[in-house]
Amino acid sequence: MDFQHSEKVRALIARLEAFMDAYIYPNEQDYNEFVHDPVHLWQEWPKMESLKEAARNAGLWNLFLPHEYGRFSPGLHNLEYAPLAEIMGRVPFASQVFNCAAPDTGNMEVLAKYGSPEQQERWLRPLLAGEIRSSYVMTEPQVASSDATNLELTILRDGSDYVINGRKWWISGARHPQCRIYLVMGKTLLDNPQHQQHSIILVEPDTPGITIVRDTTVFGSKHSPFGECELKFENVRVPRENLILGEGRGFEIAQGRLGPGRIHHCMRSIGQAQRALELMVRRADSRVAFRRKLSDQGSIHQDIARSYCEIEQARLLTLKAADHMDRYGNKGARDLIAAIKIVAPQMAQTVTDRALQVHGGMGVSDDTPIAHMFTTNRYLRIADGPDEVHLAQLGKLKISEYCGNRS
Ligand SMILES: Cc1cc2nc3c(=O)[nH]c(=O)nc-3n(C[C@H](O)[C@H](O)[C@H](O)COP(=O)(O)OP(=O)(O)OC[C@H]3O[C@@H](n4cnc5c(N)ncnc54)[C@H](O)[C@@H]3O)c2cc1C
């Protein structure tokens with residue numbers, strides 16, 4: 001694995017850091033004040049569109065899109081994207097400015113890879129242009145959705161339509177004012193083998209029969225404007241052409257989507273941990289308690305040193321996973337993708353927790369991004385598959401690898 005960034009990536013890093021300094025960090029407080037004001041619930045921050053325009057003009061757009069879709073973006077490999085996603089991850093709203101935010105990135109990859117030309121024209125083109133946003137609609141309240149074979153929502157053929165019935169929750173972005181398309185996973189072929197029953201269909205949010213039941217809060221926050229909610233689908237009619245790839249192909253599509261989505265979250269978690277470490281060090285060096293700087297205390301040295309070691313370990317593992325995805329595909333890298341999904345959010349939760357402690361009361365407030373980063377990494381240990389599911393998959397993979405094909 002080559003640790004040297006190419007000239008192209010070094011240039012992109014320099015441009016991205018300059019953009020962050022000019023437009024993102026100076027706007028962080030303004031963004032937070034706007035979105036946390038209940039008067040602005042489910043409204044987008046007014047400066048978002050002008051910043052997106054500036055990012056597009058700076059050539060910092062759709063950086064996540066892999067090389068085979070290069071005509072829409074600089075065409076970066078996963079290994080090349082990693083340092084850029086890490087930089088964007090340092091500020092929670094930054095990825096959206098560069099059209100690199102979840103779940104749009106995964107949804108765009110699905111449409112680019114599996115969508116029909118008509119589906120691509122209608123939804124992929126405006127997503128790539130940053131004109132609309134999207135939701136990925138999988139998790140259901142009544143079943144353990146970490147095992148997706150449990151999903152019960154039905155997508156059944158009726159003449160030239162599909163009819164959808166069921167409930168979903170924890171759907172990020174479903175209320176965002178620019179959300180124009182849901183990718184909904186449900187059962188179509190009830191008698192097929194378990195992994196060939198589900199399909200994914202494109203549904204417009206204003207289709208009759210869809211109700212937003214309630215908002216699901218995260219540690220007391222609605223995460224406006226891209227927060228999560230519970231949805232009810234009652235006899236929702238969608239034209240046949242909206243089905244992606246074919247009936248019973250849902251697992252195939254979901255697998256293709258999740259590898260890159262998971263590693264992107266990990267890259268951003270590393271950016272958050274790195275920023276939390278830097279904030280922790282500066283705070284410790286500027287705060288005096290009991291006549292000594294906090295940075296003179298041995299326990300603080302240990303917190304700083306441990307955090308540095310853990311970030312470096314996770315970063316190297318992420319780069320290795322990204323490199324394997326580029327060389328051997330998502331399937332060939334699934335052990336490393338599972339490993340980094342287990343390691344990175346847990347590491348970032350631990351590092352942000354230490355940084356939070358060093359900041360005292362300020363640490364739990366919104367005066368720094370640390371509290372937000374801490375809660376984000378806590379829920380990332382559940383979202384996109386809980387830790388235990390990745391541990392189970394990785395354990396089985398290694399048993400099969402070291403003992404022959406037993407799993
Ligand atoms: C902030 C946030 C945003 C989200 N956004 C979306 C979204 O946009 N779209 C979407 O569809 N979903 C979304 N989700 C849902 C998320 O993907 C699910 O919560 C997750 O997959 C777990 O499913 P579940 O909640 O049904 O938990 P369950 O499946 O009920 O699992 C509960 C717990 O059981 C344990 N467990 C499960 N399997 C095992 C095992 N094999 N061994 C041991 N223990 C196990 C784990 O500790 C797990 O946390 C989001 C969740 C959050 C918190």
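Please read all numbers here as calculations on a predicted model, not as lab measurements. As the structure lists them, so they are numbered: ligands from 1, and atoms in each ligand from 1.
For D206 and R180, the salt-bridge test fails: no basic side-chain N is under 4.0 Å from an acidic carboxylate O. Salt bridge present: K168 and E140 bring a charged side-chain N and a carboxylate O closer than 4.0 Å. Remark: E310 engages R354 in a salt bridge, criterion side-chain N to carboxylate O under 4.0 Å. Ionic pairing of E278 and R90 is present here: one or more N-O contacts between side-chain nitrogen and carboxylate oxygen are shorter than 4.0 angstrom. A salt bridge links R275 with E28: the closest approach of a Lys/Arg side-chain nitrogen to an acidic carboxylate oxygen falls below 4.0 angstrom. Taking a cutoff of 4.0 Å between a charged side-chain nitrogen and a carboxylate oxygen, R262 and D384 do not qualify as a salt bridge. Between D161 and R240 there is no salt bridge, since none of the side-chain N atoms of the basic residue sits less than 4.0 Å from a carboxylate O of the acidic one.
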* Would you please test Y182 and Y136 for ring-ring contact (aromatic ring centres under 6.0 Å, His included) and show each step? => CA-CA 6 Å; Y182 297 160; Y136 188 65; over 10 Å; no
* To do: Run the numbers on H372 and F93 for ring-ring contact (aromatic ring centres under 6.0 Å, His included), then give the verdict.
  => CA-CA 11 Å; H372 181 89; F93 73 86; over 10 Å; no
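Residue M138 has at least one N or O atom closer than 3.5 Å to an N or O atom of ligand 1. Checked against a 3.5 angstrom limit, the closest N/O atoms of D147 and ligand 1 fall outside it. For E140, no nitrogen or oxygen atom sits less than 3.5 Å from a nitrogen or oxygen atom of ligand 1, counting backbone and side chain alike. Every N/O-N/O distance between W169 and ligand 1 stays at or above 3.5 Å. In terms of polar-atom proximity, S145 is counted as a contact of ligand 1, with an N or O under 3.5 Å from an N or O of the ligand.
Between atom 50 (C) of ligand 1 and the options F219, Y182, W170, the minimum heavy-atom separation is to W170. Taking only non-hydrogen atoms, the option from G385, A392, A254 nearest to atom 21 (O) of ligand 1 is G385.
Among protein heavy atoms, the minimum distance from atom 10 (C) of ligand 1 is reached at T139 OG1, 3.3 Å. Among protein heavy atoms, the minimum distance from atom 47 (O) of ligand 1 is reached at E388 OE1, 2.9 Å. The protein heavy-atom contact nearest to atom 20 (C) of ligand 1 is I382 O, 3.5 Å. Scanning the protein for heavy atoms near atom 33 (C) of ligand 1, the closest one is P386 CG, 4.9 Å.
Listed by number with element, the atoms of ligand 1 under 4.0 angstrom from any heavy atom of Y136 are 7 (C), 8 (O), 9 (N), 10 (C), 11 (O). Shown in contact with V143 at under 4.0 Å from a heavy atom are these atoms of ligand 1, numbered in order with element: 26 (O). Close contacts of ligand 1 with S146, meaning ligand atoms under 4.0 Å from a residue heavy atom, involve 23 (O), 28 (P), 29 (O), 31 (O), 37 (C), 38 (N). Each of the following atoms of ligand 1 lies closer than 4.0 Å to a heavy atom of Y379: 1 (C). Every atom of ligand 1 with a heavy atom of S172 under 4.0 Å away is listed here by number and element: 3 (C), 4 (C), 5 (N), 6 (C), 7 (C), 8 (O). Applying the 4.0 Å criterion to heavy atoms of D384 picks out, from ligand 1, the atoms 17 (O). Set against the non-hydrogen atoms of E228, the atoms of ligand 1 under 4.0 Å away are 1 (C), 3 (C).
Heavy-atom distances between N150 and ligand 1 stay at or above 4.0 Å for every pair.
Atom CZ of R287 has 12 or fewer heavy atoms from other residues, nucleotides or ligands within 6.0 Å. Shown here is Y308, whose OH atom has no more than 12 heavy atoms of other residues, nucleotides or ligands within 6.0 Å. Residue Q357 places its CD atom among 12 or fewer non-hydrogen atoms of other residues, nucleotides or ligands, all under 6.0 Å distant.
For atom 28 (P) of ligand 1, the nearest protein heavy atom is under 4.0 Å away.
The proximity of V389 to ligand 1, defined as any non-hydrogen pair under 4.0 Å, is limited to the side chain.
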